[in-house]
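To keep things clear, I will list the structure first and then write my remarks on it.
Order of listing sets the numbers, starting from 1, for every ligand and every atom in it. Just so it is clear, the values below take in all heavy atoms, side chains as well, and ignore hydrogens, waters and symmetry mates.
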Amino acid sequence: MNLIFLGAPGAGKGTNAELIAKKYSLASISTGAILREAIKNETEMGKKAKAIIDDGKLVPDDTIIAIIKERLSNSDCEKGFILDGVPRTLVQARMIDELGIRIDKVINFEVSEDVVLERLSGRRVCADCGSTYHIKNVKSKTEGVCDRCGGRLIIRKDDQPETIKERMSVYEDMTKPLVDYYLKTGKLISINADKEIEKTSLEISVALER
Ligand code: AMP
């Protein structure tokens, strides 16, 4: 089963991708996480992407497609995968089709702006392993410390209020048109993602098994 998780920043794509990937033994692929890792390791790609990501803009389509092509050739994708946060532009969606990458279903996370702002402003990530928390909804056992690896929890640079606004506007202009694109393929399943993680995740499972 090959899936795309589509939705605004803060819609819950990443958290649900982890849960659904575990439940159905799929590889969970986040281009954002791959790019953050490249920035941390100071690779050529990371150096080029850093300023773009910090500004809340989109990394060039050809960089994203190169990441996806390489990642999908990994053996852990054989049983299926979830593309979390990719495609984000019509060009990326068309390139995925042109590469012959089969997509079975596209989950569209519908979320209100208030919820997005609350989620992003309260989000904390581990500086070492990238695990995601929230100061109210997904607390770590010890404040400021990652449960998984003991790393320090920080605020993502692109979760600052000004950058959040830019990311929302980029979503409206560049990514939202993908809802129509996938609606036409008959693969789109829209879910209300304003709810708590467990409820959203259950709704996704039900939709996938239908
Ligand atoms: P995310 O973790 O999905 O919120 O992604 C963080 C940032 O990485 C985004 O704001 C973009 O700057 C960049 N990024 C991630 N995925 C893509 C993509 N598919 N296309 C372009 N830029 C991306």
Side-chain angles (χ1 to χ4, degrees), residues 2-18 20-21 27-41 43 45-72 81-99 101 103 106-109 111 113 115-127 129-134 138 153-179 181-182 193:
N2 301 339
L3 307 173
I4 289 174
F5 280 11
L6 189 67
K13 302 184 297 292
T15 312
N16 278 291
E18 292 302 324
I20 297 291
S28 172
I29 303 172
S30 155
T31 37
I34 293 170
L35 288 163
R36 280 187 290 280
E37 190 62 21
I39 293 173
K40 202 170 97 185
N41 295 333
T43 66
M45 183 176 75
K47 282 181 199 159
K48 285 189 194 143
K50 185 174 181 342
I52 301 173
I53 294 179
D54 286 352
D55 282 351
K57 304 261 189 322
L58 292 184
V59 170
D61 292 324
D62 49 355
T63 307
I64 297 296
I65 294 302
I67 293 175
I68 286 302
K69 265 170 85 175
E70 194 195 321
R71 183 63 187 83
L72 289 180
F81 54 81
I82 301 176
L83 295 180
D84 157 20
V86 64
R88 258 175 158 102
T89 65
L90 279 169
V91 172
Q92 290 175 21
R94 289 190 189 116
M95 281 169 134
I96 287 173
D97 289 344
E98 278 160 23
L99 285 169
I101 298 168
I103 300 296
V106 179
I107 306 293
N108 175 36
F109 288 66
V111 71
E113 202 174 318
V115 172
V116 164
L117 292 176
E118 199 264 335
R119 285 195 190 147
L120 293 183
S121 56
R123 177 156 74 181
R124 299 292 180 269
V125 294
C126 175
C129 76
S131 295
T132 304
Y133 298 85
H134 187 279
V138 191
L153 301 188
I154 56 166
I155 301 177
R156 258 168 63 170
K157 215 166 182 179
D158 58 345
D159 280 345
Q160 309 289 346
E162 274 315 300
T163 320
I164 291 177
K165 256 190 232 159
E166 176 61 23
R167 289 165 67 206
M168 293 299 290
S169 133
V170 167
Y171 168 75
E172 286 293 324
D173 295 345
M174 307 297 290
T175 310
K176 217 171 170 186
L178 292 179
V179 173
Y181 181 88
Y182 286 115

For the [atom1] atom of [X] and the [atom2] atom of [Y], what is their distance to the nearest 0.5 Å?
X      : Y     : atom1 : atom2 : value
Arg119 : Thr15 : CZ    : OG1   : 8.0 Å
Ile53  : Lys48 : CD1   : NZ    : 13.5 Å
Ile68  : Leu99 : CD1   : CG    : 10.0 Å
Ile64  : Thr89 : CD1   : OG1   : 8.5 Å

Counting heavy atoms only, name the option from [options] that's nearest to [atom].
atom                    : options                : value
atom 6 (C) of ligand 1  : Arg156, Arg167, Glu166 : Arg156
atom 20 (N) of ligand 1 : Arg36, Met174, Gln92   : Gln92
atom 3 (O) of ligand 1  : Arg88, Lys57, Lys13    : Arg88

Provide the number and element of each atom of ligand 1 under 4.0 Å from a heavy atom of [X].
X     : value
Gly85 : 16 (N), 17 (C), 18 (C), 19 (N)
Val86 : 19 (N)
Thr31 : 15 (C), 16 (N), 17 (C), 19 (N)

Short question: side chain of Arg167, backbone of Pro9 - any donor-acceptor pair under 3.5 Å?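 Checked: no pair found.
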
Proximity of [X] to ligand 1 by residue part, where a heavy atom lies under 4.0 Å:
X     : answer
Val59 : both
Lys50 : neither
Ile64 : side chain

Heavy-atom neighbours of Lys40 NZ exceed 12 at 6.0 Å: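 Buried by this count: over 12 neighbours within 6.0 Å.
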
Give the residue and atom name of whichever protein heavy atom lies nearest to atom 13 (C) of ligand 1, and the separation in Å to one decimal.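 Checking every protein heavy atom, the shortest distance to atom 13 (C) of ligand 1 gives Leu35 CD1, 3.8 Å.
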
Minimum-distance protein heavy atom relative to atom 7 (C) of ligand 1: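 Residue, atom and distance for the closest contact: Ile53 CG2, 4.0 Å.
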
Does some side-chain heavy atom of Ile67 sit less than 4.5 Å from a side-chain heavy atom of Val59?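 A side-chain contact is absent here, since even the closest heavy-atom pair is not under 4.5 Å.
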
What heavy-atom pair brings Val111 and Ala8 nearest, and what distance separates the two atoms?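 Where Val111 meets Ala8 most closely, the heavy atoms are CG1-CB, 4.4 Å.
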
Hey, does Ser30 come in under 3.5 Å of ligand 1, counting only N/O atoms on both sides?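 There is no such contact.
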
Backbone or side chain, does any N or O of Asp84 fall under 3.5 Å from an N or O of ligand 1?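 No.
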
SB check Asp159 Arg124 (cutoff 4.0 Å):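 No.
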
